[in-house]
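The shown structure was predicted, so the numbers you read here are calculated from the model rather than taken from an experiment. Counting starts at 1 for both ligands and their atoms, following the listed order. For reference, positions follow the sequence shown, starting with 1.
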Amino acid sequence: MNVSAHIEAVYAEVCRRNAGEPEFHQAVGEVLHSLAPALHAHPEYLEARIAERVCEPERQVIFRVPWVDDQGRPQVNRGFRVEFSSALGPYKGGLRFHPSVNLGIVKFLGFEQIFKNALTGLAIGGGKGGSDFDPKGRSEGEIMRFCQSFMTELYRHLGEHTDVPAGDIGVGGREIGYLFGQYKRITNRFEAGVLTGKGIGWGGSQARTEATGYGAVFFAKEMLATRGEGFEGRKVVVSGSGNVAVYAIEKVRALGGTVVACSDSSGYVVDEDGIDLELLKGVKEVRRGRLSSYAEAKPKARYSERGSVFEVPCDVALPCATQNELAGQDAGALVKNGVVAVAEGANMPCTPEAIETFREAGVLFGPGKAANAGGVATSALEMQQNASRDVWTFAQTEARLASVMQSVHAECRATAETYGGSADDYVLGANIEGFLRVAEAMTAQGVV
Ligand code: NDP
Ligand code: 2IT
């Protein structure tokens, strides 16, 4: 069989059967187009039609989320949970609350999650969910009522051995608290392992809040180390200013780098002294404000609503906001300014054109399913603590996170080389390694 032609046929069929879902096509395309060497080496996976089967979610749930706003007016949103693959463990992946959420976005995120979770080596399947609810400008009461209504439907699909959500864009510790409270009330069970990202005092893990941002920096550190370099003295640009971005900034600073710029969906701020983390946390986490008020509080910093944060010269770029935020033109600007490494803290932030630009320029590129795996890996560590009714220290948990990121990095390089690529081809390594782990389990478990 001509493997490349077969892959093209599978991809065309996925696009046809999932019309109008461009992000899902993009995520599937990226994985499928890495798989030819793996399918050559493993004809049994071709025979078992693993690629075709893994692109079809095991279950997709779409539901109405009615709630009442502060003015007493009924509101309605749409809720989603796509349970993509349980080959390696219970469905695992975050919930996103953002007005842009639709089925195609949830499917792209769920698909990425399958291979990311496989790379962690921690027995978790892949899933994702969320809603087109927009939390911006909503009161505490509205957020709580929305979360309660969302969970009133979602709870029947969850369970510590079935499906375990966590946070993502628009869902942090506050929302997980309200979701957990409602789950507990409906089921009359304190089932700690049903959600991750919980508060430290009631089943949460130390270092889960920090894990995605820290993990992305650990991954970038490993990439730099392959060239005998590190973060010390390096200029770094981080996009976004949410959970992932804030803790990426914190870890870059701890490793001696300087984060000179970060952003939100309205604009970006440049602070050549290095982003003031206490000020940023105050603006974003405490007051839930806009990044523009960072510059108001610090006149030396420059805030801009025009152009892109990736035009700011840097040695390392960490896109930590959202999908397709870094396009070909941004990649061109980064390369022109001499960027050495790019690691994706967000899911699929770089467009295919941007990735190609980095590849041609020899820039080290860490794809999200490897570079941001630290968040979900630490969620799996939270599940371990819940299952054993144990509580680990921050240092213990961070050390496990660091070692997971080191192995993900090393395995991507080794697999890329085994399958005929350069060790620097993290895209090839991550896609093949993630796929092989899932394919092996799917084959062993039969046609289910
Ligand atoms: P947050 O909601 O905490 O922060 C999101 C940040 O991204 C905000 O600064 C937000 O700006 C910005 N942003 C969101 N949408 C857009 C947009 N359309 N254009 C430009 N900026 C945008 O989310 P997280 O930090 O948790 O998530 C960030 C990324 O990391 C996502 O891709 C997520 O899937 C991924 N991720 C998250 C993990 C986690 O553990 N939380 C784990 C692995 C990956 P604004 O406030 O203006 O909306
Ligand atoms: O994209 C991701 O990996 C997450 N949002 C975290 C998922 C999780 O279950 O911790």
Side-chain angles (χ1 to χ4, degrees), residues 23 89-101 105-106 108-117 119-120 122 124-130 134-137 163-176 194-198 204-205 207-216 219 238-249 262-269 280 283-285 288-292 294 305 308-309 318-326 343-350 367-383 401:
E23 293 85 2
Y91 309 109
K92 183 83 195 87
L95 297 171
R96 176 177 293 189
F97 292 170
H98 192 272
S100 63
V101 167
I105 299 259
V106 179
F108 119 64
L109 291 163
F111 186 76
E112 286 284 293
Q113 202 81 47
I114 303 172
F115 306 102
K116 181 197 305 191
N117 294 4
L119 284 171
T120 68
L122 289 169
I124 36 181
K128 201 84 183 192
D134 186 357
K136 283 202 182 75
D163 185 352
V164 182
D168 193 81
I169 292 178
V171 178
R174 171 180 65 171
E175 291 74 20
I176 294 294
V194 76
L195 285 170
T196 59
K198 299 180 295 296
S205 175
R208 174 63 189 88
T209 306
E210 293 82 356
T212 312
Y214 280 20
F219 194 90
V238 173
S239 66
S241 48
N243 171 263
V244 180
V246 163
Y247 292 97
I249 295 172
C262 66
S263 64
D264 65 12
S265 60
S266 310
Y268 65 94
V269 81
L280 183 67
V283 168
K284 300 300 292 186
E285 289 184 350
R288 295 180 185 275
R290 306 300 300 158
L291 195 55
S292 50
Y294 178 101
E305 285 186 355
S308 153
V309 70
L318 303 172
C320 296
T322 194
Q323 64 275 357
N324 293 327
E325 56 163 317
L326 196 166
E344 294 186 324
N347 285 307
M348 210 170 73
C350 299
K369 61 174 76 66
N372 73 40
V376 77
T378 308
S379 279
L381 302 180
E382 182 171 331
M383 291 163 72
L401 165 65

*Is there a nitrogen or oxygen of G167 sitting under 3.5 Å from a nitrogen or oxygen of ligand 2?*
yes
*With side chain to side chain contact (heavy atoms under 4.5 Å, CB included) as the test, would you mind laying out the steps for V244 and N372 before giving the verdict?*
CA-CA 9 Å; V244 180; N372 73 40; 5.8 Å; no
May I have a table of the N/O to N/O pairs between ligand 1 and the protein that fall below 3.5 Å, each row giving the two atom names and the distance to 0.1 Å?
from, atom 1, to, atom 2, distance (Å)
ligand 1, 2 (O), G170, N, 3.0
ligand 1, 3 (O), N243, N, 2.8
ligand 1, 9 (O), S241, N, 2.9
ligand 1, 9 (O), S241, OG, 3.4
ligand 1, 11 (O), S265, N, 3.4
ligand 1, 25 (O), N243, N, 3.1
ligand 1, 25 (O), V244, N, 2.9
ligand 1, 32 (O), A321, O, 3.4
ligand 1, 32 (O), N347, N, 3.2
ligand 1, 34 (O), R96, NH2, 2.9
ligand 1, 34 (O), D168, OD1, 2.6
ligand 1, 34 (O), D168, OD2, 3.1
ligand 1, 34 (O), N347, ND2, 2.8
ligand 1, 40 (O), R208, NH1, 3.4
ligand 1, 40 (O), R208, NH2, 2.9
ligand 1, 40 (O), T212, OG1, 2.8
ligand 1, 46 (O), R290, NH1, 3.3
ligand 1, 47 (O), S265, N, 2.9
ligand 1, 47 (O), S265, OG, 2.5
ligand 1, 47 (O), R290, NH1, 3.1
ligand 1, 47 (O), R290, NH2, 2.7
ligand 1, 48 (O), K136, NZ, 2.8

*Answer side chain, backbone, both or neither: which part of N347 comes under 4.0 Å from ligand 2, heavy atoms only.*
side chain
*Look at ligand 2 and say whether R96 reaches it with a heavy atom at a distance under 4.0 Å.*
no
_Looking at ligand 2, is there an atom of it that comes within less than 4.0 Å of some heavy atom belonging to R208?_
yes
*For A166, atoms of ligand 2 separated by under 4.0 Å from a heavy atom*: 8 (C), 9 (O), 10 (O)
*How many angstroms lie between CD in Q323 and OG in S100, if you round to the nearest 0.5 Å?*
6.0 Å
*Are G368 and ligand 2 in contact, using a heavy-atom cut-off of under 4.0 Å?*
no
_ligand 2 to K128 polar contact by distance, N or O atoms, under 3.5 Å_ = yes
*asked:* List ligand 2 atoms under 4.0 Å from K116, heavy atoms only on the residue side.
replied: 1 (O), 2 (C), 3 (O)
*What residue and atom, counting heavy atoms only, is the protein's closest point to atom 7 (C) of ligand 2, and at what distance?*
G94 N, 3.5 Å
*For ligand 2, which atoms sit closer than 4.0 Å to a heavy atom of S379?*
8 (C), 9 (O), 10 (O)
*Using a 4.5 Å cut-off on heavy atoms from C-beta on, say whether the side chain of K128 contacts that of N347.*
yes
_Does either side chain, that of T196 or that of R208, offer a donor lying less than 3.5 Å from an acceptor on the other one?_
no
